[in-house]
Amino acid sequence: MVSKLSRRRFTKLAGAVGASSAFGLSACATMEPPKARVVVIGGGFGGATAAKYVRAIDPAIHVTLVEPGRTFVTCPFSNYVLAGFKTINDITHNYNALAGMHGARVVHDTASGIDPAKKAVTLAGGETLQYDKLIVAPGIDFRWGAIDGYTEAAAEIMPHAWRAGPQTLLLRRQLEAMADGGLVIMSVPANPFRCPPGPYERAAMIAHYLKGNKPRSKILILDAKDNFSKQPLFQDGWKAVYGDMIEWVPLSKDGKVTRAIPGEMTVVSEFGQNHKGAVVNVIPPQFAGAIARNAGLANQTGWCPVNQTTFESTIHKDIHVIGDACLAGAMPKSGFAANSQGKVAALSAVNAINGRPTAAPTYVNTCYSLIAPDYGISVTDVYRITDQGIAPTPNAGGISPRQADRAQRTGEARYAEGWYAAMSQDIWDA
Amino acid sequence: MAQNASPQLLTFSCAGCHGPGGHSPSTIPSLFGRTADSIAEILRAFRTDQRPATIMNRIAKGYSDAEIDAVARELATNWK
């Protein structure tokens with residue numbers, strides 16, 4: 001359980017102002033009607049951040065978070081469950097702090113519809129929630145069938161493990177059951193998709209497990225693009241730690257998978273080459289979560305266009321879309337980016353409710369990846385609004401130096417742990 | 001240089017890695033209980049690569065002098 005001290009610390013973090021903040025915990029705990037109602041759909045990196053920060057910035061605002069799961073399993077660090085040095089419990093969080101000391105109402109149900117005209121969200125369980133501001137953070141859905149034959153049923157044989165939880169454990173069990181000398185195939189989609197460095201870290205983490213347990217095995221990455229996030233750092237690291245265990249096939253070398261045949265553990269490339277694996281991990285193409293698309297918040301790309309200063313939808317007023325589901329210029333679809341956008345959207349919604357001007361935004365992203373448990377690399381950027389939309393600040397950010405001593409790599413591995421712990425507290429745990 | 005960012009949002013950015021209220025739960029240094037001068041001085045040293053770092057040197061280069069002063073004041077005031 002979290003202490004009153006941390007609640008106070010957090011309120012200070014938010015720099016909460018106004019008379020209402022002195023009254024402490026919760027507008028919904030009193031008989032007073034709330035100043036305003038904010039509804040948040042989705043309890044992941046973006047949504048849970050936004051819900052907590054609205055409460056912290058202005059405790060007079062009533063916040064309802066709609067999230068079907070009682071716990072949330074993070075995609076970040078799920079590759080370490082595959083590697084065998086983290087458990088699924090290590091990466092599972094709950095909503096006790098949000099519902100407790102932060103005083104949000106957490107409803108474990110599925111949002112089934114949004115009515116932008118009536119400013120109402122309907123839930124599968126039958127309840128209707130009225131909102132003044134709605135923040136939609138549904139993450140991704142998979143484009144089933146975009147790879148011919150790759151259906152939900154196929155994912156039980158060839159897991160995607162791109163939404164952490166049972167799929168992560170399924171892929172782990174398959175790696176454990178594989179014989180030494182087996183071929184692990186990974187199919188990676190074109191941009192944009194969730195967690196751009198994730199597939200390449202996954203290859204390293206599977207290699208870490210195989211090197212210690214099944215050293216004659218190989219990993220084949222079939223990629224629908226010709227370059228990828230932190231590419232030189234990954235390729236240097238793979239070679240330094242795992243020799244030739246990992247092979248990467250880009251789009252231009254026929255790396256794009258267009259068909260899956262689960263019964264034969266085979267994937268087929270664009271130009272008809274068959275690849276048969278002992279374990280096959282297909283990360284399929286993606287689009288915004290269903291609730292956002294069904295509400296008409298997405299455009300023809302399948303993602304949701306938003307005002308780049310406030311993250312309010314450019315299609316429907318008083319609805320913000322944050323995280324993987326939205327179009328955020330040069331920002332990647334990462335947990336950190338969603339956290340950053342959640343804070344901007346929360347402040348924007350609160351300022352609008354209180355009749356204050358929009359704050360000048362700043363966005364940041366920091367993503368660590370591990371090549372091995374003691375070998376970390378990172379990418380970071382500070383983003384600003386430019387004529388071209390959200391863009392990284394010139395002459396800042398970027399990837400870890402390519403020429404670096406071991407201290408840089410071991411330091412970044414330690415900071416990856418620190419990042420995860422701090423981020424988890426910033427969102428769910430404290 | 002673009003418009004200087006809101007000090008409140010700058011502070012929020014720090015919490016992602018350094019923890020809510022600057023209380024880091026793990027390997028990353030905490031930020032609470034520092035003076036504005038010391039925070040601004042360290043950020044400037046990161047920005048010019050005078051202080052060794054794995055990542056803060058890359059991050060600090062993303063902020064203007066005015067933003068460094070503003071976030072230092074905000075952190076020193078709120079993260080005690």
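We name chains A, B, ... by the order of the sequence lines, and we start the count at 1 in each one. Only heavy atoms go into these numbers, but all of them, side chains included; no hydrogens, no water, no symmetry mates. Everything numeric here is computed off the predicted structure, so don't read it as measured data.
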- Leading residue by heavy atom contact count with chain B [cutoff under 4.5 Å; candidates A:Gly397, A:Ala359, A:Gly376]: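 Between A:Gly397, A:Ala359, A:Gly376, the count favours A:Gly397.
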- Any idea which of A:Ser424, A:Ala396, A:Ala360 has the most non-hydrogen atom pairs under 4.5 angstrom with chain B?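 Looking at each of A:Ser424, A:Ala396, A:Ala360 in turn, A:Ala360 comes out on top.
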Please round to the nearest 0.5 Å and tell me the distance separating atom [atom1] of [X] and atom [atom2] of [Y].
{"X": "B:Ile59", "Y": "A:Thr380", "atom1": "CD1", "atom2": "OG1", "result": "3.5 Å"}
{"X": "A:Thr393", "Y": "B:Lys61", "atom1": "OG1", "atom2": "NZ", "result": "12.5 Å"}
{"X": "A:Trp419", "Y": "B:Ser24", "atom1": "CH2", "atom2": "OG", "result": "13.5 Å"}
{"X": "B:Phe12", "Y": "A:Asp426", "atom1": "CZ", "atom2": "CG", "result": "9.5 Å"}

- Message: Looking at B:Ser26 and A:Ala421, would you say the former's side chain and the latter's main chain have a donor-acceptor pair under 3.5 Å?
- Response: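 Not confirmed, B:Ser26 side chain does not pair with A:Ala421 backbone.
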- Can any side-chain N or O of A:Arg384 pair as donor or acceptor with the backbone N or O of B:Ala5 at less than 3.5 Å?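 Looks like no, no N/O pair under 3.5 Å.
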- So which heavy atom on B:Gly16 is nearest to which on A:Asn339, and how close?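 Distance-wise, the nearest heavy atoms are CA-OD1, 4.3 Å.
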- Query: Does any heavy atom of chain A fall under 4.5 Å from the side chain of B:Ala53, the backbone, both, or neither of them?
  - Reply: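 Backbone only.
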- Item | chain A contact via B:Thr54 - side chain, backbone, both or neither, heavy atoms under 4.5 Å |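 Backbone plus side chain of B:Thr54, per the 4.5 Å heavy-atom cut-off to chain A.
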- Query: Does any heavy atom of chain B fall under 4.5 Å from the side chain of A:Phe45, the backbone, both, or neither of them?
  - Reply: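 When you check distances to chain B, no heavy atom of A:Phe45 falls under 4.5 Å.
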- Message: Using heavy-atom distances under 4.5 Å, tell me whether A:Tyr415 contacts chain B through its side chain, its backbone, both, or neither.
- Response: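 Both the backbone and the side chain of A:Tyr415 come within 4.5 Å of chain B.
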- Does a side-chain heavy-atom distance below 4.5 Å link A:Ser400 with B:Arg58?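 A side-chain contact exists here, since the closest heavy-atom pair is under 4.5 Å.
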